[in-house]
Q: 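Let me begin by handing over the structure; questions about it come next.
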There are 2 protein chains.
Amino acid sequence: MARPRKFSRDRLQEAALAIVDEQGASALSMRVLAARLGAGPMTLYGHVASREELDVLVVEAVLSQASWSREPHADWRQEVREIALASWRAVRAHPHAIPLILTRRTRSPAALEAGEALLAALARGGLGGRRLLHAFRAITAFVTGFAQAELAGPLAANAGQTAAETIERVRALGDERFAQLVALADQAATSDPESEFLGGLDILIAGMAAFAEVDRR
Amino acid sequence: MARPRKFSRDRLQEAALAIVDEQGASALSMRVLAARLGAGPMTLYGHVASREELDVLVVEAVLSQASWSREPHADWRQEVREIALASWRAVRAHPHAIPLILTRRTRSPAALEAGEALLAALARGGLGGRRLLHAFRAITAFVTGFAQAELAGPLAANAGQTAAETIERVRALGDERFAQLVALADQAATSDPESEFLGGLDILIAGMAAFAEVDRR
DNA sequence: ACCTGAACACCGTTCAAGT
DNA sequence: ACCTGAACACCGTTCAAGT
């Protein structure tokens, strides 16, 4: 880790994300990135301490792209929806980066800002103490878990297709044992990721609102 | 992929999981696994088509260890809790395998069984159609996302410690901007993962119960 | 039929040398 | 002070040969 010259750290970060977007997470290597920047492999160690840091930079780049209206909304529910949706959309915009995001704990400023805003909205909804902790953990887990479900294919524009395949696989295992899953696959065939995300989120919000009311008494 | 002899596929799967448990996910390689089985690296291709399949076997091994009481429970809420908790506990029992679990979509029999049981419980709770789809996706996302949060350290027996570190890091960024996060870290310092898991799950269940009632009318 | 060593094209990183 | 090629110890997999 010395002082750089040939290219900036930002340029390195940008190039790393570009490689992941274009060729997938496994295509990112010190040698490939260096070549893209027109440098020898060892030059990267002027900006970065190890290979691992490349992945961290990519994750930061993706999460920093989450954007939502910063001013407090009249309805705390709507604000929670907007913040969660903004994070999820940022992740979905870079499907090849999802494995990297999932395998790291992020403490980047962008992630902290989203957390702080989410907590503020929940607090205005009447949650506090243990309940606030549980609500916060539940929403962040939900967003992360939904991103994980995206792993199969990059952005299933053909949600019907994918669901159809799932139906087939499940049917092959015998209708009897997995009857519920087969029925669910039919339901999913006419659905789409974003409405499922919002539908699931509304279940969480309804639960939080119910507890907030109980706690208030 | 030919017909095996020297050792069974089960033995290979067992050894792969052992390496991951003992030395971490990145220690698993064709060469290391083969050595552990007392064979040349190429011998593994008799049981497995590629390196990737090793990871799949490890994930299957972990998820197949989820166990819950199979007979339908009187209270559907309690049944949902038991199934979700069983999956989460199986994952937590193998912290080094978590990155592998997160970066793959699993369709192993064990995972399908858990899904089917979960759906059956939710259906008995009065959920159907779109609402059932959203509830199912929400719970599975929640469980996955909670497993992701475990990535930091293997099973934080020292939950207080970890939380204290987080407080420090957040404080270093300035109390003003991240006041809510600092307060949350204090709250988390006296909490533990399992009660947070159950607390978050209860928010989801409360939301589902509320919607089930609305839908019934 | 089953197993495997040598070889190939990669990888991250150390080290010593170039400017 | 900054950059980098050669070298080392790895990796997954092809291929041809061993029994």
Side-chain angles (χ1 to χ4, degrees), chain A residues 1-61 96-97 99-104 151, chain B residues 1-61 96-97 99-104 151:
Chain A
M1 276 251 246
R3 296 128 205 102
R5 271 291 175 74
K6 193 156 186 173
F7 47 82
S8 69
R9 194 179 154 98
D10 281 2
R11 173 89 191 82
L12 183 153
Q13 184 171 28
E14 186 186 8
L17 178 57
I19 290 169
V20 170
D21 279 343
E22 291 164 16
Q23 335 210 34
S26 63
L28 179 61
S29 76
M30 299 296 270
R31 289 167 140 99
V32 167
L33 177 57
R36 189 182 183 110
L37 293 165
M42 286 311 106
T43 311
L44 299 187
Y45 287 90
H47 297 80
V48 135
S50 69
R51 167 58 235 269
E52 159 68 15
E53 214 171 311
L54 258 42
D55 287 346
V56 172
L57 285 176
V58 170
V59 172
E60 275 186 22
H96 283 141
L100 305 182
I101 295 166
L102 290 172
T103 50
R104 249 153 284 275
L151 274 183
Chain B
M1 276 250 245
R3 294 126 207 103
R5 270 291 177 72
K6 194 157 187 174
F7 47 83
S8 68
R9 190 179 156 99
D10 281 1
R11 175 90 190 81
L12 182 154
Q13 183 170 27
E14 187 186 9
L17 177 57
I19 290 169
V20 171
D21 279 343
E22 291 164 17
Q23 335 210 34
S26 63
L28 179 61
S29 75
M30 300 296 270
R31 288 167 140 100
V32 168
L33 178 56
R36 189 181 182 112
L37 293 165
M42 287 309 106
T43 312
L44 300 187
Y45 288 90
H47 297 80
V48 135
S50 69
R51 166 61 235 267
E52 158 68 14
E53 211 171 314
L54 256 43
D55 288 345
V56 171
L57 285 176
V58 170
V59 172
E60 275 186 22
H96 283 142
L100 305 182
I101 295 166
L102 290 173
T103 49
R104 251 152 283 275
L151 274 183

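Treat the numbers as computed from the prediction; the structure is a model and nothing was measured. Reckoned from all heavy atoms, side chains included, excluding hydrogens, waters and symmetry mates. Chain letters run A, B, ... following the sequence lines, proteins first and then strands; every chain starts at 1.
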Q: D:dT4 C1' sits how many Å from A:Leu44 CG, rounded?
A: 11 Å

Q: Could you check how far CZ of A:Arg51 sits from C1' of D:dC11, rounded to whole Å?
A: 14 Å

Q: Measure from CG on A:Asp55 to P on C:dC11 and round the result to the nearest Å.
A: 14 Å

Q: Could you list the donor-acceptor pairs under 3.5 angstrom formed by side chains in residues 15-22 of chain A, with sequence neighbours left out?
A:
from, atom 1, to, atom 2, distance (Å)
A:Asp21, OD1, A:His94, ND1, 3.0
A:Asp21, OD2, A:His94, ND1, 2.9
A:Glu22, OE1, A:Arg36, NH1, 3.4
A:Glu22, OE2, A:Arg36, NH2, 3.4

Q: Is there a side-chain contact between B:Gln13 and B:Val58 (heavy atoms, below 4.5 Å)?
A: no

Q: Please give, in whole Å, the distance from C:dT14 P to A:Tyr45 OH?
A: 7 Å

Q: Identify which nucleotide among D:dT4, D:dT13, C:dT13 has an atom closest to any side-chain atom of A:Ser50, counting heavy atoms from C-beta outward.
A: C:dT13

Q: If you take all heavy atoms of A:Ala34 and A:Pro41, which pair is closest and at what distance?
A: CB-CA, 3.5 Å

Q: Heavy atoms within less than 4.0 Å of DNA chain D: which residues of residues 17-42 of chain A have one? Give them sorted by number.
A: A:Arg31, A:Ala39, A:Gly40, A:Met42

Q: In whole Å, what is the span from the CG atom of B:Leu54 to the C1' atom of D:dT13?
A: 13 Å

Q: Measure the distance from CD on B:Glu52 to P on D:dC11 and round it to the nearest whole Å.
A: 18 Å

Q: Closest heavy-atom contact between B:Tyr45 and B:Ser50?
A: CE2-CA, 4.3 Å

Q: Applying salt bridge (charged side-chain N to carboxylate O under 4.0 Å, His left out), can you list everything that pairs with A:Arg11, at least two apart in sequence or on another chain?
A: A:Glu14

Q: Between B:Glu60 and B:Arg104, does any side-chain N to carboxylate O distance fall below 4.0 Å?
A: no

Q: If I compare all heavy atoms of A:Leu12 with all of A:Val48, which pair ends up nearest, and what's the gap?
A: CD2-CG2, 4.5 Å

Q: Can you give the dot-bracket line for DNA chain C, where a pair is Watson-Crick or G-U wobble with both atom distances under 3.5 Å, crossing pairs use [ ], and | marks a partner on another strand?
A: ||.|||||...|||||.||

Q: Check side chain to side chain donor-acceptor pair (under 3.5 Å) between B:Arg51 and all other residues, then give those that pass, not counting sequence neighbours.
A: B:Asp55

